[in-house]
Amino acid sequence: MCGIVGYIGEEQAAPVLLGGLKKLEYRGYDSAGVAVHNSSGLHVVKAKGRLAVLDGILEGGATLPGTVGIGHTRWATHGAPSDVNSHPQVSDGGLFAVVHNGIIENYLYLKNHLKRRGVAFVSDTDTEVVAQMLEYYYKGDVLQAIRQVTDRVEGSYALGIICAHCPEKVFAVRKDSPLIVGLGQGENFIASDVTAILGHTRRICRLKDREIAVLERGGARFFDAELDPVEKQEELVEWDVAAAEKGGYEHFMMKEICEQPEALGKTISPRIREGRVVLDGIRLSKEEIEGLSRIYIVACGTSYHVGAVAKYAMEKLLRLPIEVDVASEFRYREPILDSRTLVIIISQSGETADTLAALREAKRQGARTLSIVNVVGSTIASESDDVLYTWAGPEIAVASTKAYSTQLAMIYLIALYMVQELGTMPQQELAGLLAQLENLPRLAERCLAEKKEIQYFASRYFNAGDIYFIGRNVDYAASLEASLKLKEISYIHSEAYTGGELKHGPISLIEEGTLVVAICTCRRLFEKMMANIREVKARGAVVLGITTPQLAEALAQEADCLFAVPDTAEFMLPSMSILPLQLFAYYVASMKGCDIDKPRNLAKSVTVE
Ligand code: M6R
């Protein structure tokens, strides 16, 4: 949510900043701006609209001299997208320029306080308060001013700061919003996301809450909230530049859909050794697993939909109550947790604000926490008792695809690990399930090879006004994700219902020609789904069925069109059924001319509540 980049070095800063912002644009794209120091002072250029607008104004950065600067790409929270609300925000006297991710919750109070003291504000943003406060508290020492400000602001922030009095420095500080420092040779960087600077360096330091970084050409220094110096551990990022490039694909989303077989392999294969699940990230003993009274799964969006599958899969395998919560609800519903509760937190980015708050609530109540995360070293990963990484590589498209698949695989691994430790399943049965799990990457590859059929079907329905998804059990859980994928990138209204729930209201929405996608992969519930398909067809619906080869012939009796996915264990079937439906969403959005990787109103990694 919003992207920050900062640079100090020997190169012209503006092209470096714009290059970094291009990599971050998926995080927010309603306006962008840069501030650069040069011989004539501090210069700010910003513009409403996509980064291309700013890029055009600056001719790729060429027209803005200077070798020190900060940049931002915005997803509006306070104040509509406009030139004046874009970042950098500049203080009244022009001394400080600030870029900000997060939300300053007490900004109105602080703004009124400063206004009473004669400070003039120009924007509707919470960020301007930070710039104005920095100047207000500045008495010749920027670090002291930053400390005064961070002592007073409430909320979350990652801040990149430059000061007209210190043209050879970039400052950065963060709380509850990610920010890293990149270390180069004679040049240094700040960024909200490592992808922004991967082309320049892989050596990074992660800022902890309220730590401050001061960057100069020759190096970076770090301080804690009391301004005492801090020694930081340097990390080497393993992602390579190519992983964050489109690599010949038209969109990141299609690239990431196609990467799923490989990503699944990376998640699964190192964790099944000699017929056993080996989870290095978990320290739960057999006794602790036996002692669990329930498991909560907490997440947002697509990651929450993984939880929906997990409830069916884990309850079936473990015979233990599983509760699945949307993170934004969990934290405010006063959940009842204790040391016999395991809370599994799922997050691709590891930075989602509500999910992080849910994790903290779980820890506050003494629950055991385990997170499933993709981004190494992210806040959720570092604050959980145990962490399991999905190793999916960077996911850039706003619409999550390979994160979903790898998170699902991780859920299967955790469930089978617990079953193995508890010894509640005959060895042969467990071995069979593990073999099926290991085979998922190959099945996914086979499934994704059949793109043409889905493309054809999308061409017939890309003008639909509403599309409904139905299913039962894990097929219903997969429907939730299929429906989200379609609506978020194609803007077609879409809902997911359980087959059994249709008669209780939603069936009144069905009329002549309405498209219903029926996921019917669960053999034991197949006849029930056939009855539901007949019900919607009797009201004029057109039905696209998703099933397995074994059930295809029977389904063909009722569905207008069908797509068969490879069969596997029932609880793992969402890993197959989602693949054609990710493709369906992609092709529909593409045929409608939508901006697939940057859908309207959305941003990757929601770091505000
Ligand atoms: O990074 P997280 O997994 O915590 O993100 C959660 C959601 O914001 C994310 O899955 C979102 O729903 C995606 N746009 C779905 O495609």
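Values reported hereafter were calculated over all heavy atoms of this structure, with side chains retained and with hydrogens, waters and symmetry mates removed. We count ligands from 1, going down the list as the structure has it; atoms in each ligand are counted the same way.
For the ring-ring contact (aromatic ring centres under 6.0 Å, His included) test, residues two or more places apart in sequence or in another chain that qualify with Phe330 are Tyr296.
Within ligand 1, the atoms closer than 4.0 Å to a non-hydrogen atom of Glu488 are 13 (C), 14 (N), 15 (C), 16 (O), numbered from 1 in the order shown. Atoms of ligand 1 found under 4.0 Å from any heavy atom of Ser400, numbered from 1 in the order shown, are 15 (C), 16 (O). Close approach of ligand 1 to Ala399 (heavy-atom distance below 4.0 Å) involves ligand atoms 16 (O). Every atom of ligand 1 is numbered from 1 in the order shown, and the set under 4.0 Å from a heavy atom of Ser347 is 1 (O), 2 (P), 3 (O), 4 (O). Listed by number with element, the atoms of ligand 1 under 4.0 Å from a non-hydrogen atom of Lys485 are 15 (C), 16 (O).
There is no side-chain donor-acceptor pair under 3.5 Å between Thr521 and Thr547. Side-chain atoms of Thr267 and Tyr389 form no donor-acceptor pair, as typed in the model, at a separation below 3.5 Å.
The pair Asp325-Arg333 meets the salt-bridge criterion, with a side-chain N (NZ, NE, NH1 or NH2) lying under 4.0 Å from an Asp/Glu carboxylate O. Between Glu323 and Lys311 there is no salt bridge, since no side-chain nitrogen of the basic residue lies less than 4.0 Å from a carboxylate oxygen of the acidic one.
The shortest N/O to N/O separation between Thr355 and ligand 1 does not fall below 3.5 Å. Polar contact check, Val398 against ligand 1: a nitrogen or oxygen pair lies under 3.5 Å apart. Checking only distances, Gln407 never comes within under 3.5 Å of ligand 1, N or O to N or O.
For atom 6 (C) of ligand 1, the closest non-hydrogen atom on the protein side is Cys300 O, 3.3 Å. Val606 CG2, 4.1 Å is the protein heavy atom nearest to atom 8 (O) of ligand 1. In this structure, the protein non-hydrogen atom closest to atom 11 (C) of ligand 1 is Thr302 N, 4.2 Å. Among all protein heavy atoms, the one lying closest to atom 1 (O) of ligand 1 is Ser349 OG, 2.7 Å. Atom 5 (O) of ligand 1 has its closest protein heavy atom at Thr352 OG1, 3.5 Å.
Neither the backbone nor the side chain of Glu351 has a heavy atom within less than 4.0 Å of ligand 1.
The distance between the ring centers of Phe571 and Tyr312 does not fall below 6.0 angstrom. The ring of Phe189 has its center closer than 6.0 angstrom to the ring center of His200.
Between the CG atom of Asn101 and the CD atom of Glu351 there is a distance of 10.5 Å, given to the nearest 0.5 Å.
Applying the side chain to side chain donor-acceptor pair (under 3.5 Å) rule to pairs touching residues 353-378 yields Asp176-Arg360, Glu288-Arg368, Arg331-Asp354, Gln348-Asn374, Arg360-Glu383, Glu361-Arg364, Glu361-Gln365, Arg368-Asp386, Thr369-Asp385, Ser371-Ser384, Asn374-Thr390, sequence neighbours excluded.
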